[in-house]
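Source: prediction; values computed, not measured. FYI, side chains are in, hydrogens and waters are out, and symmetry mates aren't considered; it's all heavy atoms of this structure.
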Amino acid sequence: MTANAGTLRLWDQAPRHLLVAGLLLATIIAVSIINPAFATLQNGRDLLVQSAPALIVGCGMTLLVLTGEIDISVGSLMGLLAALMGVLASPQRMGLPVPIVIALTLGAGAGLGLANGLLVTIGRVPSIIATLGTMTILRGINELVMGGTWITDLPHGLRTLGTGGLAGVPTSLWTAAVVGAGSIVLAQRTRLGLRIYAVGGNPEAAANARISTRNIKPLAFTLVGLLTAVAALVSVPQQSVIEPGIGAGFELVVVTAVVVGGTAIRGGRGGIAGTLLAAILLGSIRTSLLFMNLGVMATYWERAIQGGFILAGVLGDYTAGLVSQGRAFAGPPP
């Protein structure tokens, strides 16, 4: 992909980016007026740390959605990887060395992501159905492994992944920054990025150019699984215990970030930057509801707002598609 093509693609997404950034700024200002404690640097840091898993997995999900597919099993995968991590690392269970735990967790995430990709490409199962099935299976395995109990006594080396940092910045934020920057470069400046856009935007043209969906789509699914494992490694050990409910509803947050960030659910249009902005926006809304002292109602409002964002994003994408078709039929201006 040429630099000019990447720049044009980013420029096309500028209105959506400005809209999401505007909503984020408006949220921060409004809640800060209601509760000035929201505007502190410590709260901003905590907000970003809470958003880090969605930032990391959202990058992979964006690339996958650009191919025209989706993975709704990431929440269950996050929970299963957390359980696997605990079983492998806890002295009360297997007590394996931390480097081996990290390698096995990353391998499991990538392998399960690849399994989804093969179901879709070789098994020809629609991705929404395939990942709905794997979501249910993974959730069941997680419940079996956890048995309704907590995993405790995580080793210090594993805990450091979640609680450590560099130059005062937590590891999760460094990881999110590296993954985000790398994903933007991949999508906008590499041949693989061009092929991802081509597969989702115009499958027939991609086939004529000998770009194989059987290679690109499984790779995108694998990347989603791998990044889910990365997110689990830097977020789950932030707590001293691993609970059974980790990952519940996480898939909704990630998909919402991708859609609100401007990536077309049909594929071929969108980008990483919008997803990153939207993930921070969603994290700010979650924190805002807590600062507004809504109590248990905060959870219900959060889900309602997420659902509204998804509908708004899909409708916006549909409207943009109609406008593009209208311009195409009208032809070039005189």
Side-chain angles (χ1 to χ4, degrees), residues 1-2 5-6 9 56-78 80-81 103-138 141 179 182-231 251 254-255 257-259 261-272 275 314 317 321:
M1 177 181 290
T2 65
R9 207 182 296 281
I56 294 169
V57 181
C59 292
M61 187 69 75
T62 301
L63 296 172
L64 177 61
V65 173
L66 284 171
T67 69
E69 306 295 349
I70 194 169
D71 185 348
I72 61 171
S73 69
V74 291
S76 296
L77 179 58
M78 174 76 81
L80 180 59
L81 291 172
L104 291 176
T105 301
L106 293 173
L112 290 169
L114 175 60
N116 280 332
L118 296 179
L119 276 174
V120 172
T121 54
I122 296 179
R124 297 185 179 276
V125 181
S127 59
I128 187 71
I129 301 300
T131 57
L132 176 62
T134 54
M135 177 183 75
T136 306
I137 293 171
L138 295 178
I141 297 174
V179 170
S183 298
I184 290 174
V185 171
L186 186 152
Q188 302 294 336
R189 295 289 187 269
T190 68
R191 282 193 169 189
L192 176 59
L194 175 61
R195 291 174 179 177
I196 286 173
Y197 277 100
V199 166
N202 194 331
E204 293 183 1
N208 291 335
R210 296 183 179 180
I211 299 175
S212 174
T213 60
R214 289 198 174 190
N215 293 331
I216 300 298
K217 290 186 177 182
L219 180 60
F221 273 104
T222 302
L223 185 59
V224 171
L226 178 63
L227 290 181
T228 303
V230 171
E251 64 281 344
V254 174
V255 172
V258 172
V259 173
T263 298
I265 202 69
R266 296 166 295 179
R269 182 167 56 83
I272 303 295
T275 297
V314 171
D317 175 49

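- Using a 4.5 Å heavy-atom cutoff, the side chains of T213 and T121 are not in contact.
- One N or O on the side chain of S76 and one on the backbone of M135 form a donor-acceptor pair closer than 3.5 Å.
- Using a 4.5 Å heavy-atom threshold, the side chains of T190 and L194 count as separate.
- Not counting sequence neighbours, the partners of S127 by the side-chain hydrogen bond (donor to acceptor under 3.5 Å, both in side chains) test are E69.
- Scored by the side-chain contact (heavy atoms from CB on, under 4.5 Å) test, V258 finds M61, T62, V65, T263, T275 as partners (sequence neighbours excluded).
- Evaluation of the side-chain contact (heavy atoms from CB on, under 4.5 Å) rule for N202 yields E204, A205 as partners, not counting sequence neighbours.
- The distance from atom CD of E251 to atom CD1 of I70, rounded to the nearest 0.5 Å, is 10.0 Å.
- In this view, T134 and N116 satisfy the side-chain hydrogen bond (donor to acceptor under 3.5 Å, both in side chains) rule, not counting sequence neighbours.
- A distance-only check finds no donor-acceptor pair linking the side chain of Y197 to the backbone of A187 [under 3.5 Å].
- Taking the side-chain contact (heavy atoms from CB on, under 4.5 Å) definition, one finds that S212 meets it with R214, N215, sequence neighbours left out.
- We find the CG-CG distance between L63 and L223 to be 6.0 Å, quoted to the nearest 0.5 Å.
- Residues that satisfy the side-chain contact (heavy atoms from CB on, under 4.5 Å) test with L112, not counting sequence neighbours, are L77, L80, L138.
- Atom CG of L64 is separated from atom SG of C59 by 13.0 Å, given to the nearest 0.5 angstrom.
- With V224 as the partner, the side-chain contact (heavy atoms from CB on, under 4.5 Å) test is satisfied by one option alone out of L219, V254, L114, D71: D71.
- Between T222 atom OG1 and L226 atom CG the span is 8.5 Å, to the nearest 0.5 Å.
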